[in-house]
Amino acid sequence: PDRWEDAVFGIKTIHFEHGPECLGNDTGLVRIPAGFNFPPHEHHDVEINYILEGEMFDNGEVRYGPGDFIRKEKGDKHHYTVGEDCDLLGVAIHNGFDIVM
């Protein structure tokens with residue numbers, strides 16, 4: 001528990017060293033609170049997520065749960081909501097985003 005660090009919007013992360021394919025990216029475990037609404041944003045580059053626990057709803061429609069792999073391309077715009085039953089735990093590889101309205 002002591003390794004979890006604050007990220008953005010109350011999200012927690014544990015960073016880990018990445019391999020050569022991920023140069024320039026932030027890599028780590030993420031824990032996002034149950035019921036959390038992540039605002040609309042646009043990705044700077046490819047983002048990869050792998051869901052370990054919990055569920056999320058992408059753009060209010062697509063449900064992702066444990067074992068799902070999510071790939072967002074550079075320039076993709078979306079928002080998501082974490083399910084109400086438990087925190088979302090996953091692996092994230094990304095290179096930043098901008099909040100869009």
Side-chain angles (χ1 to χ4, degrees):
D2 295 341
R3 294 194 57 202
W4 288 103
E5 302 172 23
D6 290 328
V8 296
F9 307 125
I11 295 171
K12 301 282 188 182
T13 187
I14 296 175
H15 296 279
F16 55 75
E17 195 66 31
H18 54 72
E21 293 293 321
C22 295
L23 288 178
N25 287 292
D26 190 9
T27 56
L29 293 173
V30 293
R31 181 173 296 280
I32 306 172
F36 181 82
N37 292 305
F38 200 95
H41 58 284
E42 180 176 353
H43 293 275
H44 292 177
D45 207 338
V46 172
E47 177 181 88
I48 295 171
N49 293 284
Y50 184 76
I51 307 298
L52 299 170
E53 293 179 357
E55 64 181 358
M56 68 176 271
F57 299 90
D58 194 19
N59 289 328
E61 299 173 5
V62 179
R63 179 201 174 275
Y64 294 105
D68 285 334
F69 175 86
I70 307 161
R71 180 184 172 104
K72 295 293 182 183
E73 299 299 324
K74 179 179 181 177
D76 277 357
K77 297 176 187 173
H78 74 120
H79 68 278
Y80 64 85
T81 302
V82 175
E84 296 287 337
D85 293 336
C86 69
D87 290 354
L88 182 79
L89 179 64
V91 176
I93 301 168
H94 72 93
N95 195 359
F97 57 87
D98 293 315
I99 300 298
V100 295
M101 298 296 158

query = With a 6.0 Å cut-off on ring centres, are F97 and F38 close enough?
reply =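 Yes, ring centres under 6.0 Å apart.
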message = Would you say the ring centers of F57 and Y80 fall short of 6.0 Å from each other?
response =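 No - the distance between ring centres of F57 and Y80 does not fall below the 6.0 Å cut-off.
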For the residue pair [X] and [Y], what are the closest heavy atoms and their distance?
X	Y	answer
A34	E84	CB-O, 3.6 Å
A92	V30	CB-CG1, 4.0 Å
C86	G54	SG-CA, 3.5 Å
H79	P39	CB-C, 3.8 Å
A7	T13	CB-CG2, 4.2 Å

Counting C-beta onward and ignoring hydrogens, is there a side-chain heavy-atom pair between [X] and [Y] closer than 4.5 Å?
X	Y	result
V62	M56	no
V91	L52	yes
I99	F9	yes
L88	I51	yes
H43	K74	no

ask   = With sequence neighbours excluded, what pairs up with E47 under the salt bridge (Lys or Arg N to Asp or Glu O under 4.0 Å) test?
value =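 E47 satisfies salt bridge (Lys or Arg N to Asp or Glu O under 4.0 Å) with no other residue.
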Please round to the nearest 0.5 Å and tell me the distance separating atom [atom1] of [X] and atom [atom2] of [Y].
X	Y	atom1	atom2	result
F36	I11	CZ	CD1	4.5 Å
K77	N59	NZ	CG	12.0 Å
I32	T81	CD1	OG1	11.0 Å

inquiry  = What verdict does the salt bridge (Lys or Arg N to Asp or Glu O under 4.0 Å) test give for D58 and R63, after you've listed the backbone C-alpha separation in whole Å, the side-chain angles of each residue and the deciding distance to 0.1 Å?
reply    = CA-CA 6 Å; D58 194 19; R63 179 201 174 275; over 6 Å; no
request  = In sequence, state the C-alpha distance, the side-chain angles, and the governing distance for E5 and K12, and then conclude on side-chain contact (heavy atoms from CB on, under 4.5 Å).
outcome  = CA-CA 5 Å; E5 302 172 23; K12 301 282 188 182; over 6 Å; no
task = Output, in order, the C-alpha distance, side-chain angles, deciding distance and verdict of side-chain contact (heavy atoms from CB on, under 4.5 Å) for R31 and W4.
result = CA-CA 9 Å; R31 181 173 296 280; W4 288 103; 3.8 Å; yes
ask   = Would you say V46 and F69 are hydrophobically clustered, going by side-chain heavy atoms of ILVMFWY under 4.5 Å?
value =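 Linked within one cluster.
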request  = I would like to know whether H44 and D98 meet side-chain contact (heavy atoms from CB on, under 4.5 Å); could you show each step before the answer?
outcome  = CA-CA 7 Å; H44 292 177; D98 293 315; 3.1 Å; yes
query = Are E73 and R71 close enough, and set up right, to give a salt bridge (Lys or Arg N to Asp or Glu O under 4.0 Å), and what steps lead you there?
reply = CA-CA 7 Å; E73 299 299 324; R71 180 184 172 104; 2.6 Å; yes
